[in-house]
Amino acid sequence: MIIPVAHRAGQTQEYYFSVKLAEVRKLLAAGHDVINMGIGNPDMMPSANTLQALSQSAAQANAHGYQNYKGTPDLRNAIARYYAHMYQVSLDPETEVLPLLGSKEGITHISLTFLNDGDEVLVPELGYPAYRAVSKMVGANVKEYPLLENQGWQPDWQAMKGLVSDRTKIIWLNYPHMPTGAPATRELFEKAVRFANDHRILLCHDNPYSLILNKKPPLSLLSIDGAKDVAIELNSMSKSHNMAGWRVGWMASSKPYIDAVLSIKSNVDSGMFKPVMDAAAEALGNPDAWHQERNAVYEGRLEAATAFLDALDCTYADDQEGMFFWAKLPDEVQSAEQLVDDLLYNKHIFIAPGFIFGPKGNRYIRLSLCMPKERIWEAVHRISK
Ligand SMILES: Cc1ncc(COP(=O)(O)O)c(C=O)c1O
């Protein structure tokens, strides 16, 4: 008999994608050409400068040892310059930036740092599954706050008030929102900061999509007056710089929050490989034209993706931002699960069902734009036959 796992491992479900992608791999192994529009794994390359910086740095004798837990000064300076350029936000590179191994681990470090057993965490009723999973893992209670579909999936602040108790410690926010693609607005961020201030709750904003298919200049929550007193922003190079596998992200906030998280994180990992940090610093200086070219490619894919959704009779908002596209099923489709399995096994097309982001997503699907547009057109062709 195997030794039993801790309660937290027993109650944490295996990530949906790790289960479903095993089915995709089986189909691939059987020789089927599966078009994977499920997962958001950028397929384009980082900039040429980034790759050159990686190899140059790796050839240096001083590149292979442990590094500072706070990352290299070069990387922190590059992050501060990037925030100034992209978001007009001023960050002290010494005290207000903490590089992370991707922003996903930041969710765990923040939760370990701020949550006691029985504390309450407000998460969007549709959102990145890790907010919920990690909160539970550290013994906190999760309360879902409603998003108003008829108001572009904005949080329902009135309803949110009713969810606050004296145990509420963290609110998770993420705009441009995944999975609905709802854009960020200054008004939304102002309301969020005011709310967090009024109720003395830590506002954690997850901001990995602000540069992807954005229709307005990108926004950081930290551009709102007073945000650094109550908020932490996570950001990431995974999507904005085509570097998902590199595992580079960071958190930005005021010194006390950064120091508190560092005290936990420095006991968990020993930072990043220096060449990865050197190359990330280089990538953060990619010119605006590089970002525009990446978005032009996504635009072409979006056209194919909307043709795919039209062929399925789905409906969708056309102001979506980010690397995914969110769409509502027509009434005649019984369930997202059935459609996903039908497409996977009969057409060899994999898409994500909306319910993996919360029960409110039951009648939705999410397409990823992370493959050449020709592949998406091939998917359109397969379902039109
Ligand atoms: C909303 C959201 N937050 C965070 C992440 C994690 O990104 P990273 O690769 O930086 O860990 C993702 C990845 O898909 C995401 O969709």
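Atoms within each ligand, like the ligands themselves, are counted from 1 in listed order.
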Answer yes or no for [X]: is there a heavy-atom contact with ligand 1 below 4.0 Å?
{"X": "Lys239", "answer": "yes"}
{"X": "Tyr131", "answer": "yes"}
{"X": "Pro208", "answer": "yes"}

Legend entry - Option of least heavy-atom distance to atom 11 (O) of ligand 1 (set: His177, Arg247, Met243, Glu105):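 Looking at heavy atoms only, the winner is Arg247.
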Legend entry - Identity of the nearest option to atom 6 (C) of ligand 1, non-hydrogen atoms only, from Tyr128, Phe357, Trp250: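 It is Tyr128 whose heavy atom sits nearest to atom 6 (C) of ligand 1.
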Checking a contact table here: which protein heavy atom is nearest [atom], and how many Å away?
{"atom": "atom 7 (O) of ligand 1", "answer": "Ser103 OG, 3.3 Å"}
{"atom": "atom 1 (C) of ligand 1", "answer": "Asp206 OD2, 3.4 Å"}
{"atom": "atom 16 (O) of ligand 1", "answer": "Tyr209 OH, 2.6 Å"}
{"atom": "atom 9 (O) of ligand 1", "answer": "Ser238 OG, 2.6 Å"}

Legend entry - Atoms in ligand 1 flagged as close to Gly102, the criterion being non-hydrogen separation under 4.0 Å: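 With Gly102 as reference, the close atoms of ligand 1 come out as 10 (O), 11 (O).
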Legend entry - Sub-4.0 Å atoms of ligand 1 with respect to non-hydrogen atoms of Ser236: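 Counting atoms of ligand 1 from 1, those under 4.0 Å from Ser236 are 8 (P), 10 (O).
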Legend entry - Name of the residue among Val142, Leu122, Ile170 meeting side-chain contact (heavy atoms from CB on, under 4.5 Å) with Ser135: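 Testing each of Val142, Leu122, Ile170 against Ser135, the sole residue satisfying side-chain contact (heavy atoms from CB on, under 4.5 Å) is Val142.
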Inset, instruction - Assess the side chains of Glu96 and Tyr83: does a donor N or O sit below 3.5 Å from an acceptor N or O? - result: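 Result is no, nothing qualifies.
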Legend entry - Test item: side-chain donor near acceptor, Asn214 and Tyr209, under 3.5 Å: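 No.
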Inset, instruction - Determine the minimum heavy-atom distance between Ala336 and Asn362, stating which atoms define it. - result: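 Heavy-atom minimum between the residues: CB-O, 3.4 Å.
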Legend entry - Exercise: identify the closest heavy-atom pair between Glu321 and Leu213: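 The answer is CG-O, 3.6 Å.
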Inset, instruction - Give every residue pair that meets the ring-ring contact (aromatic ring centres under 6.0 Å, His included) criterion with at least one member in residues 333-354, sequence neighbours excluded. - result: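 Checked against ring-ring contact (aromatic ring centres under 6.0 Å, His included) - neighbours excluded - the pairs reaching residues 333-354 are His32-His348.
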Legend entry - CG (Asn346) with more than 12 external heavy atoms under 6.0 Å: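 Counting neighbours around CG of Asn346, more than 12 heavy atoms of other residues, nucleotides or ligands fall under 6.0 Å, so yes.
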Legend entry - Set of residues satisfying salt bridge (Lys or Arg N to Asp or Glu O under 4.0 Å) with respect to Glu190, sequence neighbours excluded: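 With sequence neighbours excluded, Glu190 shows a salt bridge (Lys or Arg N to Asp or Glu O under 4.0 Å) to no residue whatsoever.
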Inset, instruction - Select one of side chain, backbone, both or neither to describe which atoms of Tyr175 lie under 4.0 Å from any atom of ligand 1, heavy atoms only. - result: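 No part of Tyr175 is near ligand 1 at this cut-off.
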